[in-house]
J.: 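Input: one structure, supplied below.
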Amino acid sequence: MVISSKTHVALLASPGSGHLIPVVELAKRLAAHHELTITIFAVTPSVHRAEDEIYGSAISSWRGVINTVILPTETQNFPSKQSFIPTLLDMMRDALPALRSAINGMKNKPIALIVDQFSTEAIKTIAQEFNMFKYVFIASNAMFLSYNLYLPHVDKVVNRDEPFYIPGCEPIPGEDLLELTFIPDERPYKDFVRMGYDIAAVDGILVNTWDDLEAKTLLAFKDLRFMKEIAKAPVYPIGPVVRTGEPKGLKPELIKWLDRQPNESVVYVSFGSGGTISAQQTIELAMGLELSKQRFIWVIRPPIENDNAGSLFKSMHGEGGLSKYLPDGFVDRTHEVGFIVPMWAPQDEILPHRSIGAFVCHCGWNSTLESIVNGVPIIAWPLYAEQKMNATMLVNNLGIAVRSHVKPSMELVERGEIAKMVRRVMVDKEGIGIRTRVNELKASANKALSEGGSSYNALSEVVKKIVS
Ligand code: UDP
């Protein structure tokens, strides 16, 4: 690998497309705006097709500026019964020796290490050993950052039935918090407490949000005495850092199909890189989409019982025969109005398409931002991690989503309820207001990113500190 003599910055991504994509996009943003050379270190359990594309997009457009180094790890090396956060952190710890030797072998060593939220151990070890600037990139929002910084200072057991007050945020219903919040004796909670301390101690915290989107929370980092005491590091809202659909050669059949549909007429259904639903929920979702009488694209995976994150860290290679999980006759009845995609879809090409009218979304933060920057209203279907907190924000604070009172991660959402939510956005008057608000946020995102905008300036400030 040839690394130029320009100032060299390294980024470290933890496993999962939802972690790799924003890191790759941040690398591109840095490469586009500044005189830097970048290395992306990506810890990955198996390089599957989707991740190949993600690396590919970084390398092909930024050859010689962005380099990628894969640090392999395997999920099966870790206890199979533990939840995904400890597994993620174990994989990151496992990759540290390979990261150290890769950096050791570089002639022009990186002077700064920007890690994602789950990679903070590398800050205390590798960045410290090589005397690098230490930054964390929170690929989620300021609310989640505040939650994580605050968690080490929560001094009582959190009650699921009461609202929870995160500094600088609107109260969150207890039941929407991350499950780990209620079990302080277990490892995921302790991991988050450690991450909270680690994040608080870096040179700067980059967060994938922007001033107008979370003004109150971002202000709290500067103005709330409590926040200033627990996190000394400055917070830089640099978002939205998202993929913008780059044409990938031949137009996929799916995009050709979208080209034939009327404007804003198609509901896109996807649960991110890790989300899975049960067999019965798959049937209800199919029937609900049919009942809504709206066009749809649905990224479908084999159903998994009692595991909302069942496809995390798994291969996304296309799988045939998924129609056996759908109701009898569904594919035939809907073939004119529906498009089923097995396993993984080119979301960065789908959401910007003029035909997309709404997104049934698991509220992962990348997908949420991709919906906002494309002006697409959301039908919230949160499943795990901080997704329920995000859904609360989208519905209550931002008014850009609808959500059922039935909790999709815990209960069965029935077909009638699904059809109702889809029609609220696609057909009812309520949808007009939601669409207007999401388009306002789209405009404010563009403004923040444009030269002289708040996010543009925040990233420039970070780079200035690194290169000066
Ligand atoms: N994604 C995609 N195709 C799919 C599913 C997901 O391109 O079929 C991308 C999506 O565009 C987003 C990322 O994978 O950039 C998922 O990140 P998110 O934060 O939304 O959810 P996570 O997968 O981390 O839960």
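For ligands, and for the atoms within them, numbers begin at 1 and follow the listed sequence. In this text, all values refer to a predicted model and were calculated from it rather than measured experimentally.
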J.: Less than 4.5 Å apart, any side-chain heavy atom of Leu26 and any of Ile238?
T.: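 A side-chain contact under 4.5 Å exists here.
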J.: Using heavy atoms and a cut-off under 4.0 Å, could you grab the residues that are in contact with ligand 1, chain by chain, numbers ascending?
T.: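 The 4.0 Å shell around ligand 1 contains Gly18, Ile21, Arg243, Ser270, Gly272, Ser273, Gly274, Val299, Trp344, Ala345, Gln347, His362, Gly364, Trp365, Asn366, Ser367, Glu370, Tyr384, Gln387.
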J.: Only one of Asn374, Asn263, Asp259 passes side-chain hydrogen bond (donor to acceptor under 3.5 Å, both in side chains) with His353; say which it is.
T.: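 The single option meeting the side-chain hydrogen bond (donor to acceptor under 3.5 Å, both in side chains) with His353 is Asp259.
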J.: Compute whether any side-chain donor of one residue and acceptor of the other, for Arg403 and Thr392, lie under 3.5 angstrom apart.
T.: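 Yes, a side-chain donor-acceptor pair sits under 3.5 Å.
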J.: Taking only residues two or more places apart in sequence, or in another chain, which ones meet Ser404 in a side chain to side chain donor-acceptor pair (under 3.5 Å)?
T.: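 If we apply the side chain to side chain donor-acceptor pair (under 3.5 Å) test to Ser404, skipping adjacent residues, the hits are Glu417.
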J.: Is there a donor in the side chain of Gln117 and an acceptor in the side chain of Asn148, or the other way round, less than 3.5 Å apart?
T.: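 The criterion, which ignores hydrogens and geometry beyond distance, is satisfied for Asn148 and Gln117.
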J.: Would you call Arg415 and Glu290 a salt bridge, taking side-chain N to carboxylate O under 4.0 Å as the test?
T.: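 Between Glu290 and Arg415 there is no salt bridge, as every charged N stays at least 4.0 Å from the carboxylate O atoms.
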